[in-house]
Amino acid sequence: METFHIFLSLFLFPLSTTPINPITSTFYADPEASIFNSLYHIHPTYSAPYDQQTFFDAFTSSDLVTWTKHEKILTIGNVSWATRAMWAPSVIKNGDKYYFFFSANDVHEGEIGGIGVAVGDSPVGPFSDLLGRPLIGEIINGAQPIDGFVFRDPITSAHYLYYGGWGHCNVVRLNSNFTGLLPFIDGTYYKEITPEGYVEGPFMLVRNGNYYFMWSEGGWGGPDYRVAYAMGNNPLGPFVKQGVILEQDINVATGAGHHSVFQLPDESEYFIAYHRRPLNETDANARVVCVDRMEFDQDGKILKVNMTFEGVVGPDLP
Ligand SMILES: *[C@@H]1O[C@H](CO)[C@@H](O)[C@H](O)[C@H]1NC(C)=O
Ligand SMILES: *[C@@H]1O[C@H](CO)[C@@H](O)[C@H](O)[C@H]1NC(C)=O
Ligand SMILES: *[C@@H]1O[C@H](CO)[C@@H](O)[C@H](O)[C@H]1NC(C)=O
Ligand SMILES: *[C@@H]1O[C@H](CO)[C@@H](O)[C@H](O)[C@H]1NC(C)=O
């Protein structure tokens with residue numbers, strides 16, 4: 001009966017069952033979701049062993065279904081201080097330039113590396129290293145300088161960078177051209193905002209005056225990697241933890257995390273981009289990028305995301 005029903009719906013509605021997820025079978029992770037120039041953009045990590053993870057590709061789409069790949073928009077050869085392990089892009093337009101934040105070198109105490117910033121005239125590059133050194137290269141408050149997420153506060157237009165691995169999250173304020181940091185009101189430059197359970201992969205979203213601070217928990221190489229969030233009323237917190245909204249599903253995939261959110265200009269719909277591990281894979285780097293619907297309840301809480309193979313069809317962008 002059930003089989004017959006599935007067969008019938010495949011036959012009658014072939015489009016609705018065409019798998020859209022993942023957006024490509026090539027391994028990518030840590031997708032940054034953004035909208036530029038009426039196109040959906042995904043800037044992911046190329047997911048491979050650290051010594052092969054040495055460049056960035058980007059993807060664009062008008063509908064979240066058909067994706068165009070833009071190859072090698074930034075490579076290790078473009079960054080004098082980068083030697084291996086480039087990951088976790090975050091992209092923003094500032095003035096008439098596009099800025100591409102990235103992590104490089106999996107830096108430990110005393111090593112060179114961290115979060116860099118590159119600049120270009122297009123969101124799909126080519127990008128050039130802005131500083132010739134990392135923007136953040138020190139380990140402050142125990143946070144490995146990785147996984148930067150650049151955020152423009154819609155209320156004040158101030159730019160912040162949320163970042164940090166090893167279970168610690170810092171936020172810094174960026175200067176107007178992203179060449180350095182500005183102090184907070186108390187004169188400090190690094191504010192630790194680590195919520196309970198935080199591991200890495202911070203993200204910030206504003207909706208109806210609520211600041212949704214989100215992050216990944218668990219180990220990225222294992223099945224229980226997941227996304228949780230907290231709420232606050234300003235970009236620096238305090239934030240109140242709400243819970244986990246994305247995690248493994250035994251029918252779909254494991255290790256779902258390091259996400260980002262497409263916000264439509266009219267705020268009518270939200271689509272979450274994230275990576276997950278196909279059920280038949282256990283290798284840490286076997287990660288694929290997917291997009292699914294993210295919804296809020298009437299109290300503004302985020303509902304649990306249903307991971308799908310069908311994906312979503314994004315509306316035309318203005
Ligand atoms: C970045 O490096 C690639 C080679 O990996 C080169 O083709 C490209 O021109 C470089 N881009 C810039 C902006 O210098
Ligand atoms: C960035 O702005 C600072 C002043 O805030 C200025 O000194 C510097 O030259 C600018 N750098 C670039 C690359 O525009
Ligand atoms: C998992 O399935 C995909 C799609 O069928 C296949 O390409 C891949 O090789 C499989 N991976 C393993 C580890 O068997
Ligand atoms: C997830 O699936 C449940 C059960 O089908 C449904 O009630 C819920 O609305 C779905 N959530 C989202 C965000 O689509």
Side-chain angles (χ1 to χ4, degrees), residues 17-29 43 45-49 51-58 69-87 89 91-105 115-136 150 152 156-161 172-184 187 189 221-223 248-256 275-290 307-311:
T17 51
T18 303
I20 293 172
N21 281 328
I23 69 165
T24 166
S25 58
T26 305
F27 294 153
Y28 290 95
H43 293 85
T45 298
Y46 173 66
S47 187
D51 289 321
Q52 296 161 36
Q53 200 167 281
T54 53
F55 61 87
F56 293 100
D57 296 333
K69 181 175 169 181
H70 306 264
E71 290 189 5
K72 307 213 165 158
I73 62 171
L74 182 76
T75 71
I76 204 158
N78 303 137
V79 182
S80 60
W81 52 272
T83 57
R84 66 198 288 265
M86 300 173 88
W87 73 66
V91 189
I92 196 168
K93 189 176 189 197
N94 186 17
D96 55 4
K97 299 283 187 193
Y98 294 86
Y99 291 83
F100 183 97
F101 293 78
F102 59 96
S103 314
N105 299 0
I115 298 172
V117 55
V119 63
D121 294 323
S122 145
V124 292
F127 289 104
S128 306
D129 187 22
L130 181 63
L131 301 173
R133 57 176 165 76
L135 175 67
I136 299 177
V150 61
R152 179 188 291 113
T156 63
S157 295
H159 288 103
Y160 298 95
L161 189 77
V172 295
R173 184 158 175 207
L174 298 171
N175 70 6
S176 61
N177 57 21
F178 301 163
T179 54
L181 308 184
L182 294 176
F184 294 112
Y189 286 83
Q248 64 179 320
D249 176 339
I250 53 162
N251 296 310
V252 184
T254 64
H275 72 243
R276 67 193 193 195
R277 188 165 294 108
L279 290 175
N280 69 331
E281 301 281 357
T282 51
D283 187 84
N285 285 307
R287 297 175 290 177
V288 290
V289 168
C290 298
M307 290 197 289
T308 70
F309 293 104
E310 291 77 19

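Remember, it's 1-based here, ligands and their atoms both numbered in the order they're listed.
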J.: Test of understanding: with side-chain contact (heavy atoms from CB on, under 4.5 Å), list the residues that count as partners of Y189, not counting sequence neighbours.
T.: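 If we apply the side-chain contact (heavy atoms from CB on, under 4.5 Å) test to Y189, skipping adjacent residues, the hits are L181, P183.
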J.: At a 4.0 Å threshold, what atoms of ligand 1 neighbour a non-hydrogen atom of S128?
T.: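 Near S128, the atoms of ligand 1 are 13 (C).
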J.: Quick one: list whatever passes side chain to side chain donor-acceptor pair (under 3.5 Å) with D121, sequence neighbours left out.
T.: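 For D121, the residues satisfying side chain to side chain donor-acceptor pair (under 3.5 Å) (neighbours in sequence not counted) are K97.
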J.: Do Y28 and Y46 make a side-chain contact, defined as non-hydrogen atoms from C-beta onward lying under 4.5 Å apart?
T.: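 Touching, per the 4.5 Å side-chain cut-off.
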J.: Would you mind listing which atoms of ligand 2 come within a distance below 4.0 Å of any non-hydrogen atom of T179?
T.: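 Listed by number with element: 1 (C), 11 (N), 13 (C).
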J.: Report yes if the side chains of K69 and T24 come closer than 4.5 Å at any heavy-atom pair, otherwise no.
T.: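 Answer no - side chains too far apart.
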J.: Name each N or O atom in ligand 3 that is under 3.5 Å from a protein N or O, and give the partner atom and the distance.
T.:
unit_1, atom_1, unit_2, atom_2, d
ligand 3, 2 (O), N280, ND2, 2.3
ligand 3, 11 (N), N280, ND2, 3.0
ligand 3, 11 (N), E281, OE2, 2.8

J.: Below 3.5 angstrom, do we get any N/O pair linking T75 and ligand 1?
T.: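 In this structure, T75 places an N or O atom under 3.5 Å from an N or O of ligand 1.
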J.: Mind telling me whether W81 and F102 have parallel, tilted or perpendicular rings, with 30° and 60° as the class edges?
T.: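 F102 vs W81 ring planes: parallel.
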J.: Kindly write out the residues that satisfy salt bridge (charged side-chain N to carboxylate O under 4.0 Å, His left out) with D129, not counting sequence neighbours, or none if the list is empty.
T.: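 Testing D129 for salt bridge (charged side-chain N to carboxylate O under 4.0 Å, His left out), a comparison that skips the adjacent residues, returns none.
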J.: Establish, yes or no, whether the cationic atom of R152 lies under 6.0 Å from the six-membered ring centre of F178 and within 45° of the ring axis.
T.: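 Verdict for F178: no cation-pi partner in R152.
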J.: Kindly determine whether F56 and H43 satisfy ring pair (Phe, Tyr, Trp, His ring centres under 6.0 Å), including the steps that lead there.
T.: CA-CA 8 Å; F56 293 100; H43 293 85; 8.9 Å; no
J.: So if I count the atoms of ligand 1 from 1 in the order they appear, which ones are less than 4.0 Å from some heavy atom of F127?
T.: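 Counting from 1, the qualifying ligand atoms are 13 (C).
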J.: Within less than 4.0 angstrom of ligand 1, does F55 place any heavy atom?
T.: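 It does not; every heavy atom stays at 4.0 Å or beyond.
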J.: Do any N/O atoms on N175 end up under 3.5 angstrom from N/O atoms on ligand 2?
T.: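 No; every N/O pair is 3.5 Å or more apart.
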J.: Could you tell me if the side chain of I73 sits less than 4.5 Å from the side chain of P126, heavy atoms only?
T.: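 When only atoms from C-beta onward are counted, I73 and P126 do not touch, as no gap falls below 4.5 Å.
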